[in-house]
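Input: a single structure, listed below in C-alpha cells.
Computation of the quantities below employed the complete heavy-atom set of this structure, encompassing side-chain atoms and omitting hydrogens, waters and symmetry-equivalent molecules. A quick note: this is a predicted structure, and the numbers were derived from the prediction, not measured. Convention: sequence-line order gives letters A, B, ...; per-chain numbering from 1.
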Amino acid sequence: MSAEAFDGDSVVKVTDLVAGYIPGVNILNGCSIEARRGELIGIIGPNGAGKSTLLKAMFGLVKVHSGTVVVRGQDLTGLKANKLVSRGVGFVPQNNNVFPSLTIEENLQMGVYQAPRTFRERFDFVAGVFPELAKRRAQRAGSLSGGERQMVAMGRALMMDPAVLLLDEPSAGLSPVKQDEAFLRVHEINRAGVSVIMVEQNARRCLQICDRAYVLDQGRDAYTGTGRELMKDPKVIQLYLGTLAETA
Amino acid sequence: SGGSGESSAEETSAETETAAASVLSCPESQGGTGEDPGAKGDPAAVPASTGTTDAPLKIGTLLPTTGSLAYLGPPEIAGTNLAVEEINAAGGVLGKDIEIVHRDSGDTTTDIATQSVNDLLSQGVSAIVGAASSGVSKTVIGNITGAGVIQFSPANTSPDFTTWDDNGLYWRTAPSDLLQGRILGNYIMSCGAQTVGMIVLNDAYGTGLQSNVKTSVESAGGQVVAEEMFNEGDSQFSSQVDSVVAAKPDAIVVISFDQAKSIVPLLTAKGVDASQLFFVDGNTSDYSKDLDAGTLEGAQGTIPGTFASENFKESLLGVDPALKDWSYAGESYDAVTLLALASEAAGSTDGKAIAAQLESVSGEGEKCYDFAGCVTILRGGGDIDYDGYSGPITFDANGDPTEAFIGIYQYDADNVPQPSRSEAGKL
Amino acid sequence: MLAAVAAMFAALLLSAPAASATTATPDASPSATSPDSGADYPDRISGVIKNEGTPLEGVKITANGNGYEGEAVTGANGSWSIGVPQQGAYEVELDESTLPEGVALAEGQQNPRTVTFANTTNITTLFLLGEGIVLQEESFGSLLLERAVAGLSFGLLLALSAVGLSLIFGTTGLTNFAHGEMVTLGAILAFAFASLGMPLWVALPLAVLGGAAFGYVQDAGIWKPLRRRGTGLVPMMIVSIGLAVAVRYTVLFFFGGGTQQLPGSQSPILELGPVSIPRNTLVSLIVSLAVILVVALLLLRTRIGKATRAVADNPALAAASGIDVDRVIRLVWVIGGALAAMGGILWAYYRPGVSFNMGQQILLLIFAGVTLGGLGTVFGALVGSVLVGLFVEISTLWLEADLKYVGALVIMILVLLVRPQGLLGRRERIG
Amino acid sequence: MDDTRPIAQGEIGPGCAKRDPILVAENVTRTYGGINAVDVEHVEIPRHKITALIGPNGAGKTTLFNLLTGFDTPQSGAWQFEGKDLAGVSAYKVARLGMVRTFQLTKVMGKLTVLENMRLGATAQPGESLRRALLPPLWRQREKEITEQADVLLAKFKLDTKRSDYAASLSGGQRKLLEMARALMVRPKLVMLDEPMAGVNPALTQSLLDHIKNLKAEGMTVLFVEHDMHMVRHIADWVVVMAEGKVVAEGPPSEVMKDQAVIDAYLGAHHDVDLADSEGFEKLEAELEQDAESSVGTEPAVQSAGASARRHDERKDQA
Amino acid sequence: MDFANILLGAFTEIISPTTAAYALAALGLAVHFGYTGLLNFGQAGFMAVGAYGFAIPILSFNAPLPLALLIALLASAVFAVILGIPTLRLRADYLAIVTIAAAEIIRYVVTTNSMTPVTGSANGLAAFTGSFYALNPIPDGSYSLGPVSMNERDLWIRLVAWTLVALACLLVWMLIRSPWGRVLKGIREDENAVRALGKNVYAYKMQALVIGGLLGSLAGIIFTLPRDAVQPANYGTELTFYLYTALLLGGMSTVLGPVLGSMIFWAILSVTQGLLYGAIESGYITFITTTQAGQIRYILVGVALMLLMIFRPQGILGNKKELSFA
Ligand SMILES: Nc1ncnc2c1ncn2[C@@H]1O[C@H](COP(=O)(O)OP(=O)(O)OP(=O)(O)O)[C@@H](O)[C@H]1O
Ligand SMILES: Nc1ncnc2c1ncn2[C@@H]1O[C@H](COP(=O)(O)OP(=O)(O)OP(=O)(O)O)[C@@H](O)[C@H]1O
Ligand SMILES: [Mg+2]
Ligand SMILES: [Mg+2]
C-alpha cells in the first residue's frame, strides 16, 4: 500500500507557507509539506501548533502572506475555497463542520454540490460507512450528538470524491469502533488513489495508518518521517504522543 | 374655472332628484374665482425710507422640505420668496434689501427643526417663518421666542398657541381651527346631513378641526356617528374607512393631509357618493392626476383664506415653476410682507421691536394690499391696514388673526376643487 | 373693520355673477331652495327638514329675535333659510301644523328653540322628525368577517415583502433596515414607467426587474465588498440604516413628498358570497400567495435553495463544499429585491398610493411578521405576516383605530414569550 | 486518600446502588420526536470517585448531562444531588450547588481574554453583585486570589502563553482545555466533563490525568464522558455504559471493558490492534466488514469509491 | 461660504443639550448592547418613558421636580422589568424586533387620542419645565462658551446635561471594569457558558436592561428640557437608529465612544447642512435650490454614515481586534 503505490510525482506541495489571522501575527512560519500521488500524510503536533491553520491556509480560508500551495502542478495559493473544490480538493474542518439547519441528507448533498448527479451512488457508499446517517437522513444536523455530527462531517467529505482530501481531526468525538471504522475508510479511499492529508490528535492511530507524517510545532514542520519511524522516536513520544497507550 | 363649476352644479341638482335619500343637497354654489385682495402699489413709486438700519432685515424660514409634510413646503417657500422679491423690487426695508434664509423643518420624527433653528439663530435672523406643523412649532417655540426672535407661522392652526407664553413673539396668519371647523360643521348640516362620520388625523391639526366640526354638528342638532383616528405615518386606512362606512353617516369628513389620496379611493369603492364627502384645507387639493375622472365630482372642502387669485398663482409659478399646490402660499407671503412692514414701521430690525408693530400694521388704518402700496403710505406718515392673499388679517394681542374668510370649494368632474362660496367669520 | 369685511364680501358677491353667468340656476336666487324672507341679509339661519331621509316640502319655520321676525318654507329638497339682519340669539320655531299627516317631531326635539350665532355668517339648526337619528349597527359576525378578509389581504401583502427580508436575513444574517426602501422602489419604478406612457403589463414587470437590479447593485456595490473585509453584522446593519436614509431621501428628491396613484388604482368591489373585496386586493392576494409558495418550494427543493440555507448556516463550510457563496448571496439579493419590488407594487395598489416613505411605514410590520414566524424561514415569514395582518385589522374591533398596530405587536410579543424561536423557528440544541 | 472500599453496595450491575452516592437519578426520560434520547431507570454516581460515562455516539450521554444540569427539561424523572432534589432547578442554581459541567461543543467567551474567561469561573467574588461592584476595595482582594488560582491552572493546562489573548483565537484543542480549566475554577463538588480530552494532544492529556486524580484527592467527584479508552482505563474508578438512552452496564473499568456486550456495541473487538502491523490491519478490516455485511452493502460501495476516484483523476487529466 | 460660521454651527451642536441627551441614551445602549449583547432597539421607548414620566406628574398633579424625576426613573425601571420578562430569553435578533415593537407600543399609546387628557395625544405635552429652570442659580445675562454665546437658561441646561453625561460615564466605567461588568461581557459572548458557571444570567441581563434604560430615560428628560415640550413623534424608531449610529460611530464597547459618537453625529448633521446651504446661498451650487437642500443633506448623511461604517466599522474608539472575531 505504501512505498510502491506512489510514483513520485507530488500531488500537493506546500512550500514555506507563512500565514496568520491577524496582520502582523503569523501562525505559520514557513511550513513545508508535501503529499505525493496516493500518499496518506499524517500531521500531528501539540495544541495550537498551527495544524488547523495549515489546512485552512491550504484551502484558502486563511490569508497566506507568503509561500505557495501547489496542487497537481497548479499554483492554487489564495484561491477561493469553492474554486479549490472544483480542482478536486476536499476539506473537513475541525469545528463547525456541519450545516446545522440542513438535514443529514441535505448536508450530504452539499458534499456533491458541484456534481449533483453522483448523489445516489455516493450516498450509498457513505451509508455503508455510517449506517446511522442513512437511518436518520431527515434529522436536522443541528440536533445531532457530537459524534453524530462528526460522522456527518466525514460523510460529507466522503461524498465529495476528491483527488486530494484534507481532514482535520476526523476521529474526534467518535466512539472507538467508529474511530477504527473512520481510519479504515480513510485508508481505503487512499488506496483507491486519493491523496489524503490528515490532522489527528489520536496520534498513534494516525501514525499507524499513514505513509508519512509531519510533526508540526509552532508553525513549522519540526519532524518528518514515515509513521512507524515517528512512532518509535523517543522524542516524539515524549513531546507529542505520550505513553498512556503503551502503559495500558 | 367658472365653466366647470357650472357643470358640477347641474350634476348635484340632477342627483338630488334621482339618487338615494342620503344624497345631500347643499346650498347652491355661488361660484367665484379668486380675486386679488386689492390694487397693488407701484414699486417704482415708493419713496425712500426715512429710517436706516445697519444690518438688513434677515428672515429665516423653517418650512418642511423633508418628512411627512414635505409636500406642503414648496408653495410656502415660494410664497415667502415671492414676497421677498416684491419687497426688494420696492427698495427693501429701511433702505436695504431684505434677506431670507431657508432651512428645513423636517417633521417631528426627525427633530431636524431644532438644529435648523440653532443655525438660523446663529445667523442673526429677526424672525422665523414657520413651522408648518403645529407639532414642530411646539418643539422650537421656546428656543426661538426665548432668543428674542419672532416666530411667525403661516400654517399653525392649533388653538394652543393662542395662550402660549411666548413673550408676544409668536404670530400666525393661519386662523385657528376654531373657525374652519365651525363653518365646515355648520355647512354640512345646512346640506341636510343629520349624521356625520369623520376620519381624522390624530395630531394637533386634525383633532383641533375634528372637535370644532363636532361641536357645530352637535349644536345644530346632528350627531357624529363615527370618528376614526389615524396616526401620522400610518399608511393604510381600510379599518378606519370600513367602520365609518358601516355607521352609514349622511356625510363623511376627511380631516387629513396627503393621506386623503389613499382614503378617498377606499371610500368611493365602498359606495360612498362623492357628494357626501367633505374635506378640509389640508386635503382640498387638485386630485385630477390621482383619481379617475368623476370620482370626486360634487365633493366639497374648505380652505381658509380667499380663493387664490390667478395673478397670485402666476406670480408663484414665476418663483417656482414646479408648483402644483397653493396651500398656505398666501399665508406665507403675507407673513413676510407683514414682517417687512412692521420692521419699516418700527424703524428697526430687532425682533421685539418688529413684533410691537405687527398688530398696528395689520389693522385700523388705510387699506393697502402689498408691500409697495403699504410702504408708500407708511413712509408718507399714514397708518396702514394690510389685507393679504390669505384674508383681511387683523391681529389680536395674542398674535392670532381675528377674522378670516373660509372658502368652500366644490370638486368638478376633473377632481379639481372649484370655488363655490365663501364665508366670513370672526374669532 | 366690520365694514371692511362687508365690503370684501360684497366684492366677492359682485364677482360671482360674472363667473356664473352661464349657470343654469342663477345663484342670485336662493329661492331655488326655498322662498324665504330676508334674502338680502348675509347672516342666515337655515336647515333641512327630512323625514326618514325624504325631504319635506312646505314646512314652515319662523325665526324671531333682535326685533326681527322672519319665516321660511322648505323647498323641494327640504331646505329652508332665513336671513336675519344681525347675529345674536333667535327663537326658531317649526310650525308643526305644516308637517304632513302622521309625521311628528322626534322625541326630545325642542320647539321652539333658541339659536344663537356669533362670529359666523351662517347657523344651521335641525328639526329631527320621526325616530330622530337611528344608529346603524352591523352584526359582530359580519364585522369580524370583513376585518378578517382585510387582514388576510394585508397580511399576504406584508408576507411578500417579508419573504424577501427573511431570505436575505436567513442567508447573510443581515438585519436589513433598507428593505423598506426596496419596497418603496418597486412602487416608485412602477409609477415612473407608467408615467412614461408604458402600459401596465410592461411597467409592472419592468419595475420588478428594477427591484431585482437594485438588489444586484446593492450587493455588488456595498455588501460584497463589506463581506470581503470581514465587516461584522452590526456595522453592516448600521450601513443598511445609512443606505435606507440615503435612498429614501433620494426618492424624495426626485419623486417629491406627495402621494401619487398608479394607473388603475381605483378598483370596484367584488362580492364573493358573504365577502366583499376590492378587485385589486383580490388580485394581489392571489399573486402574493402564488409567488410565496413558488419561492418556498424552490428553496426547499432545489439545489440552489438548499445552498442558500447552507450559506446561511456556515459560509466557510459552504465554500468548502464547492458552493460559490458570493454567487448564492448575489442571487438572494436579486430575488429579495424582486420580491420587495413586487410587494411594493401590490402595496401601492392596496393602500392605494405611492409615496416616498411607503415602505418605511410598513417596515416594522414586515419585521414583526418575519420574527413572529421565525427568523429566516420562508413559511415562517408567510405565517407570521398573515397573523400580523389579521391582528392589525381584527384588533380594531376592540381597540381605537389609531392603536391598530399595537394589537399586532402585543400579540407578537406574547407569542414569543411562549415560543422564543418564533412559530416555525427551531430551537437550538445546547451542548 | 486512598479509599479502597468497594464502590457499589451489593451486587454490581446496571443501576446498582452505591455506598456513598453524590448524585442519584431515577426514571429520567427525554424523547425528541420519536427518539428516546435518554431513558435512565436508575443511576448513582459515587462520591469522591472518578466515574467514566461511556457509550456509542448518540447514546444520550450529553443529553443526560443537559438534563441533570438544568439545560434541558426531561419528560419525567427525579434526581438528587447530595440529597437535594434538582428537578426543575435552573441551570445556574445547579452550578451554584456545586455541580458544574463542561460542553462537548466548546463554549468560550470569545471576546474575553483567556484570563477573564478563567476569572469568570470563580465563585464568591463579591464584586459580581451590582451593589458592591462600585466599591473596588470590597473585591480587589478576592480578585487577586482568583487571578492566582487562574494562573496556576493555566500553567497546568499549557495555556499560560495565551493568558491575555482573546479566547476566540484559541485552537480547537486549546478551547477544550480552557473549558475544563474554567470549570475547575468554580471548585465544584461534582465536575461533569463532556469529552474533555477529545482533540487534546495525547502528551498533554497524559500530564493532565494526574491533575484530575489530584482533584479526587482534594475531595472533588468527577464524572466524565470520554471515548479515549486509555484515559478511561487509566483514571476511572468506575465506568457506566449507556446505549440508546439506557444504562446497560456498570462496574470497574477492567470488568466493564471485558463485557462482551460493551465490546460489541462500543469498543470493537480490535480497538487495541496495531494498525501499523499489517496483520492487525487486516484483522480489523475483516472484522469490520463482517459487521457491515448485515447492514448496507459496503463492498460495492467501496469499490465504487475507488472507481470514481479513478474516474476523477482521468477527468482532471483530460482537462 | 462662511466656514467660520459652519464650524461655529458644528460646535454649537456638539455642546448642545440634545447631543448630551443622545450621549446618555447611547451610553445606555452601550450597556445594553456593547457590554451585555442585548440588541435593544427600543431605546426611544425608554426615552419616551422618561420624558412622559417626567412631564405627566408635573402637569397632571403639579408634582415637585424631585418627585417627577423619581417617577420618571421608576417608570423606566418598571418598563425595563416588564419588557425584560418576556424578552430576555430571546435570541439577539428576536430581541431587537421585540424591543422595537415595545417602543412603538409606547409611542402609539401616548399618541392615541383616547388618552388625550393625560398624554396630550399627538400634540404631546408642553410647559412643564418651570420648576427646573427655577432652580437655575446662574444670574441672568449673556454668557459665552468659546465662540458660542448663550443666555443663563441655555447655560444652565447645558451644565446640567453635560454633568449628567460625565457622571453617567464614570458610573458605567466603574461598573464595567468590575467583576460585575465581566459577567455582562461573558453573557454577551455566550450566556449558556456563563450559566454553567453558576451566574444568574437572567438577573444580570435584567440589571443591565434597567441601568441602560435609566440612562435612556434620563436622556429623555434632558431631551425635553430645552424644548419644554414632549412630542410622541420624536420617539420613533428613527431615534433609536440614530442612537445606534452614534454608538457605533464612537465604538460600541467603550465608555467614551457613545459620547464622542453623538458629538460626531450631530457635527455631521450640522456640517452637511452648513456646507450645502452655504454653497447654495453663495452661488457655488446652482442646480439645486434650498428647498431641495434639506433632502440632499439627508442623502449626504446617509452616505456619510455608510462610509464611516465601511471604513471604520469598529468606531472611532473601538478596538479593531475585537472585530476580527465576529
Ligand atoms: N481565528 C483565530 N484568530 C487568531 N488566532 C488564531 C485563530 N485561530 C487559531 N489561532 C491561533 O493560531 C494558533 C494555531 O491554531 P490552530 O487552530 O492551527 O492549532 P491546531 O494545531 O489546530 O491546534 P489543535 O490541535 O488544538 O486543534 C494557535 O496559537 C491559536 O491561538
Ligand atoms: N434537540 C434534539 N432533537 C432531536 N434529536 C436530538 C436532540 N438532541 C439530541 N438528540 C438525539 O438524541 C440522541 C442522544 O444525543 P446525545 O448528544 O446525548 O448523544 P451522546 O451520547 O452525547 O453522543 P456523542 O458521544 O456522539 O456525543 C442522539 O441520537 C441525538 O441525535
Ligand atoms: Mg486544530
Ligand atoms: Mg455527547
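If you measure heavy-atom distances from B:N202 to chain E, the contacts under 4.5 Å come from both the backbone and the side chain. Within the 4.5 angstrom heavy-atom criterion, only side-chain atoms of B:N231, from C-beta onward, approach chain E. With a 4.5 Å cut-off on non-hydrogen atoms, E:T18 touches chain B through its side chain but not through its backbone. For E:F223, the part lying near chain B is the side chain, with the backbone staying farther off; criterion is any non-hydrogen pair under 4.5 Å. In this structure, no portion of E:I280 lies under 4.5 Å from any heavy atom of chain B. Interface residue E:A229: only side-chain heavy atoms are found under 4.5 Å from chain B.
Listed by first and then second residue, the side-chain hydrogen bond (donor to acceptor under 3.5 Å, both in side chains) pairs that reach into residues 127-142 of chain E are E:T129-E:D228, sequence neighbours excluded.
Aromatic ring pairs are classed by plane angle as parallel below 30°, tilted from 30° to 60° and perpendicular above 60°; the pair E:Y22 and E:W266 is perpendicular. Classified by interplanar angle (parallel below 30°, tilted 30° to 60°, perpendicular above 60°), the ring pair E:F241/E:F41 is perpendicular.
Both the sub-6.0 Å distance and the 45° axial angle are not jointly satisfied by B:R172 relative to the ring of B:Y170.
The greatest number of non-hydrogen atom pairs below 4.5 Å with chain E, out of B:T114, B:I141, B:L201, is found for B:T114. No other option in E:N151, E:N5, E:L269 has as many heavy-atom pairs under 4.5 Å with chain B as E:L269.
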Step by step, work out the salt bridge (charged side-chain N to carboxylate O under 4.0 Å, His left out) result for B:D104 and E:R297. CA-CA 10 Å; B:D104 183 18; E:R297 186 260 287 262; 5.1 Å; no
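The minimum heavy-atom distance linking B:F161 with B:S137 is given by the pair CZ-CB, 3.5 Å.
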